[in-house]
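Only this structure's heavy atoms are used, side chains among them; waters, hydrogens and symmetry mates stay out. Within every chain, numbering begins at 1; the chains are lettered A, B, ... in the order of the sequence lines, protein sequences first and strands thereafter.
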Amino acid sequence: MIKITLPDGSVREYAAGSTAMDIAKSISEGLARKVLAANVNGDVVDASQPLNEDAALKLLTWDDADGKSTFWHSSAHLMAEAVQAVFPQTKFWVGPAVDKGFYYDMDLGDAKLSEDDLLILEKKMNEFAKQNNAYVKKSIPKDEAINYFSEKGDEYKLDLLSNLKDGEISFYTQGSFTDLCRGPHIPSTGTIKAIKLTSVAGAYWKGDEKNKQLTRVYGITFPNQKELDEYLLMLEEAKKRDHRKLGKELSIFTMDDDVGQGLPLWLPNGGIIIEELEKLAKETESAAGYKRVVTPHIAKENMYLTSGHLPYYADSMFPPMELDGTKYYLRAMNCPHHHKIYDAEPKSYKDLPYRIAEYGTCYRYEQSGELFGLMRVRCLHMNDAHIYCSKDQFASEFRAVNDMYLKYFKIFGVDKYVMRLSLHDPAKLGQKYINEPELWHQTESMVRQALIDSNIPFIEVQDEAAFYGPKIDVQIWSAIGREFTLATNQVDFNSGNKFKLSYTNQHNTSEVPLIIHRAPLGTHERFIGFLLEHYAGKFPTWLAPLQAKILPISDKFMDYAQTILQTLKNAGVRAEIDDRNEKIGKKIRDTELLKVPYMLVIGEKEMNEGKISIRRQGKGDLGAKEVGEFVSELSKEINERRGD
RNA sequence: GCCGUUGUAGCUCAGUGGUAGAGCACUUCCUUGGUAAGGAAGAGGUCGUGAGUUCAAUUCUCAUCAACGGCUCCA
């Protein structure tokens with residue numbers, strides 16, 4: 001007998017060789033029907049795998065993340081079975097579960113897959129799912145597996161096999177499809193009740209753009225139709241919050257073919273948001289001891305050779321303009337210009353920390369396929385600043401920067417974020433990273449310690465650093481689940497030397513400052529794109545392009561509307577009158593759809609009493625108020641940058 | 001840059017081998033209406049761009065540009 005410990009802590013005895021499925025059945029038939037896989041001592045395994053020793057067991061169902069991913073991985077096999085049936089010559093690479101669903105990468109030979117084929121494949125999958133075929137595992141010696149795939153002429157699976165050791169190779173078969181697979185899988189195909197193949201895409205073999213491109217089909221499956229319907233509805237809802245759609249509806253920005261790809265034009269409404277953000281940044285940075293500078297958008301080639309950007313990043317920069325034998329580049333970053341400002345006048349330790357800030361305009365030649373709305377563009381405005389400090393000052397400066405991030409997150413109600421400490425990869429020293437192993441080690445420890453000291457939760461990732469030093473990337477998720485690096489905080493132990501920057505210390509000797517690059521509000525482009533999705537277009541009043549709209553019941557009240565407008569304008573409120581010849585219901589509807597925070601309805605009653613009727617966007621009628629009282633409350637809400 | 005999809009009025013979208021439609025928006029008129037769409041009339045398009053096939057192309061073919069879904073990339 002073996003002892004099985006269940007998640008509630010209870011211990012039950014079973015015959016050696018019992019499977020997780022046996023144990024589920026002993027608890028209840030209903031549970032057994034829901035079991036997709038099992039977690040045994042922390043490993044996810046087939047529910048049909050015999051247990052021969054005492055173990056901690058968790059039965060995995062659709063409600064568990066591991067249960068879902070097993071379900072989706074098995075669905076990928078089901079899809080492969082369908083592809084094999086329709087395109088028999090197909091060679092398969094890998095088919096993992098992803099965050100929402102699964103994909104399979106395949107080489108279809110000369111065949112092309114269109115979106116119409118997805119419907120055919122879905123139909124086949126449904127057919128095979130109904131057969132309720134079991135996923136059967138078979139372990140195989142390595143040479144036998146090699147023979148099998150050599151005969152099939154399947155170079156992809158042979159490549160996978162080359163990285164596997166004898167004894168860890170298994171095949172899974174369901175219906176007529178057999179695949180090299182580590183597993184685990186769900187018991188049988190019958191639990192896959194609702195299937196949607198979402199898209200067909202190209203994907204480089206092994207993720208390397210030098211390799212052949214395989215065909216990738218994405219899909220998602222559910223154990224019932226209702227959840228699929230809900231998922232599809234959720235996708236529809238997400239589309240409504242897409243910053244590209246909202247940006248158009250709310251007249252925030254536009255793109256124009258004659259201007260160029262990835263070059264957004266900010267419309268007046270976008271201009272207002274930009275001004276408000278810059279006002280916030282300037283106030284915050286001024287209070288934190290930053291000084292503002294202004295620098296040109298171009299510079300000579302030589303500066304980027306000094307900085308080291310050119311050899312590393314020439315591909316991401318616009319090609320140079322050549323004048324009188326000198327090459328000028330549009331800048332892709334502001335750092336070198338700022339270093340030159342530091343260097344313009346001699347510095348003493350008394351001048352440090354030297355903090356200079358600028359909303360710097362940069363141009364990056366992102367590949368056309370990488371462009372994405374406001375999130376990836378070719379012209380960007382960065383909330384940039386550089387801090388030049390001594391080693392002793394580093395920790396407190398770095399912490400102050402992180403505190404600034406947190407302050408901003410509070411204002412914008414960002415509660416889901418991860419600070420990602422991005423480290424170098426020692427294997428790529430001299431190629432992707434400056435070859436200074438000792439300095440990497442030192443600065444990485446300094447940054448890690450600064451994070452620990454300020455109690456900020458963070459994760460560490462290898463091979464994500466900037467070429468000149470480690471960095472902290474702030475990952476955030478928009479309301480519709482998109483993840484991006486919003487902001488960055490980087491240490492630079494390299495540029496100081498490259499630009500021969502120095503200061504005179506207390507002992508009258510020269511030292512090279514450390515440099516912190518930081519951009520808490522990222523770029524206007526990405527940040528406003530994020531805010532559009534975050535607020536679903538319903539900006540807090542302080543950021544809203546139009547803060548209040550005066551809606552007269554009829555044009556008999558236009559004079560009164562004008563006096564209200566003047567009062568609001570005098571108080572610095574962005575307000576307009578809806579003077580169209582429309583009924584109040586229509587005016588309200590249109591203003592609601594434009595997501596204007598306040599609608600001020602005025603008619604005979606209001607005019608006689610010197611009041612306004614207030615309607616808050618999304619919240620309906622709030623009743624009437626004295627004009628003065630409303631304006632002072634509104635001003636307060638705006639000045640405090642209140643969230644809601 | 002690569003694979004796939006798409007491109008018709010300001011917006012959302014129908015449609016056709018015989019040079020085009022709807023709703024909303026816009027303009028004018030009627031209406032002066034109390035918290036999410038009052039009525040009428042009008043104006044607006046080289047059917048992304050270029051070439052080919054055809055008596056005839058917005059429609060078919062090719063090229064090109066752009067957008068979208070991915071891959072790669074993201075200082």
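- With hydrogens and angles ignored, no donor-acceptor pair under 3.5 angstrom links the side chain of A:Glu370 to the base of B:C74.
- Separation of the P atoms belonging to B:C60 and B:C73 is 37 Å when rounded to the nearest angstrom.
- The one candidate from A:Thr443, A:Ile472, A:Leu423 that meets the side-chain contact (heavy atoms from CB on, under 4.5 Å) condition with A:Arg448 is A:Leu423.
- For A:Gln367 and B:C2, the shortest distance from a side-chain N or O to OP1 or OP2 is not below 4.0 Å.
- Put simply, A:Arg244 has a side-chain N or O that comes within less than 4.0 Å of OP1 or OP2 on B:C68.
- In this structure, A:Arg244 pairs ionically with A:Asp242, as a charged nitrogen and a carboxylate oxygen lie closer than 4.0 Å.
- The side-chain hydrogen bond (donor to acceptor under 3.5 Å, both in side chains) analysis of residues 246-264 of chain A, with sequence neighbours excluded, yields the pairs A:Lys245-A:Glu249.
- Using a 4.0 Å heavy-atom cutoff across all strands shown, A:Ala201 reaches at least one base atom of the nucleic acid.
- Rounded to whole Å, the P atom of B:A36 lies 35 Å from the corresponding atom of B:A43.
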**Asked** RNA chain B in dot-bracket, Watson-Crick or G-U pairs under 3.5 Å, [ ] crossing, | other strand?
**Response** (((((((..((((....[..)))).(((((.......))))).....(((((..]....))))))))))))....

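- Distance check on atom C1': B:G48 versus B:C65 gives 8 Å, rounded to whole Å.
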**Request:** Show your working on side-chain contact (heavy atoms from CB on, under 4.5 Å) between A:Lys471 and A:His517 and close with a plain yes or no.
**Result:** CA-CA 9 Å; A:Lys471 62 178 180 177; A:His517 304 243; over 6 Å; no

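- Summarising the geometry, the separation between NZ on A:Lys206 and C1' on B:C3 is reported as 20 Å, rounded to the nearest angstrom.
- B:U58 and B:C2 have their P atoms separated by 29 Å, given to the nearest Å.
- In this structure, of B:A75, B:C11, B:G33, it is B:C11 that holds the atom nearest to the side chain of A:Lys248.
- The gap from the C1' atom of B:G38 to that of B:G44 amounts to 24 Å, rounded to the nearest Å.
- Taking all atoms of both residues into account, the shortest heavy-atom contact from A:Gln547 to A:Pro597 is O-CD, 3.6 Å.
- Residue A:Phe467 is tested with A:Phe493, A:Tyr313, A:Tyr433 for a ring-ring contact (aromatic ring centres under 6.0 Å, His included); the sole match is A:Tyr313.
- Ring geometry for A:Tyr388 versus A:His386: interplanar angle of 30 to 60°, hence tilted.
- Between A:Ser368 and B:G1, a side-chain N or O to OP1/OP2 separation shorter than 4.0 Å is present.
- When distances are taken from the side chain of A:Ala466 to each of B:C73, B:A75, B:A66, the shortest belongs to B:A75.
- Nucleotides B:A56 and B:A63, compared at atom P, are 23 Å apart to the nearest Å.
- The interatomic distance linking A:Asp257 (CG) with B:U6 (P) rounds to 19 Å, in whole Å.
- With hydrogens and angles left out, the side chain of A:Arg216 and the base of B:C71 share no donor-acceptor pair within 3.5 Å.
- Nucleotides B:U49 and B:G45 have their C1' atoms positioned 16 Å apart, rounded to a whole Å.
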**Prompt:** For nucleotides 34-42 of chain B, read 5' to 3', which letter fits each nucleotide if B means a protein heavy atom sits under 4.0 Å from the base, S means only the sugar-phosphate is that close, and - means neither?
**Reply:** BBBBB----

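- One atom, CG of A:Leu250, and another, P of B:C11, lie 15 Å apart when rounded to the nearest Å.
- Between A:Tyr218 and B:C71 there is a side-chain N or O to OP1 or OP2 distance below 4.0 Å.
- In this structure, the nucleotide among B:A75, B:G1, B:A67 sitting nearest to the side chain of A:Ala332 is B:A75.
- Applying the 5.5 angstrom centroid cut-off and the 30 degree plane-angle cut-off, the aromatic ring of A:Tyr313 is stacked upon the base of B:A75.
- Between A:Glu576 and A:Lys549 there is a salt bridge, since a side-chain N of the basic residue sits under 4.0 Å from a carboxylate O of the acidic one.
- With P as the reference atom, B:A20 and B:C47 are 10 Å apart, rounded to whole Å.
- Using a cutoff of 4.0 Å between basic side-chain nitrogens and carboxylate oxygens, A:Glu525 and A:Arg364 are not scored as salt-bridged.
- Under the 4.0 Å criterion applied to side-chain N and carboxylate O atoms, A:Glu592 and A:Arg615 are assigned as salt-bridge partners.
- Taking a cutoff of 4.0 Å between a charged side-chain nitrogen and a carboxylate oxygen, A:Lys239 and A:Glu236 qualify as a salt bridge.
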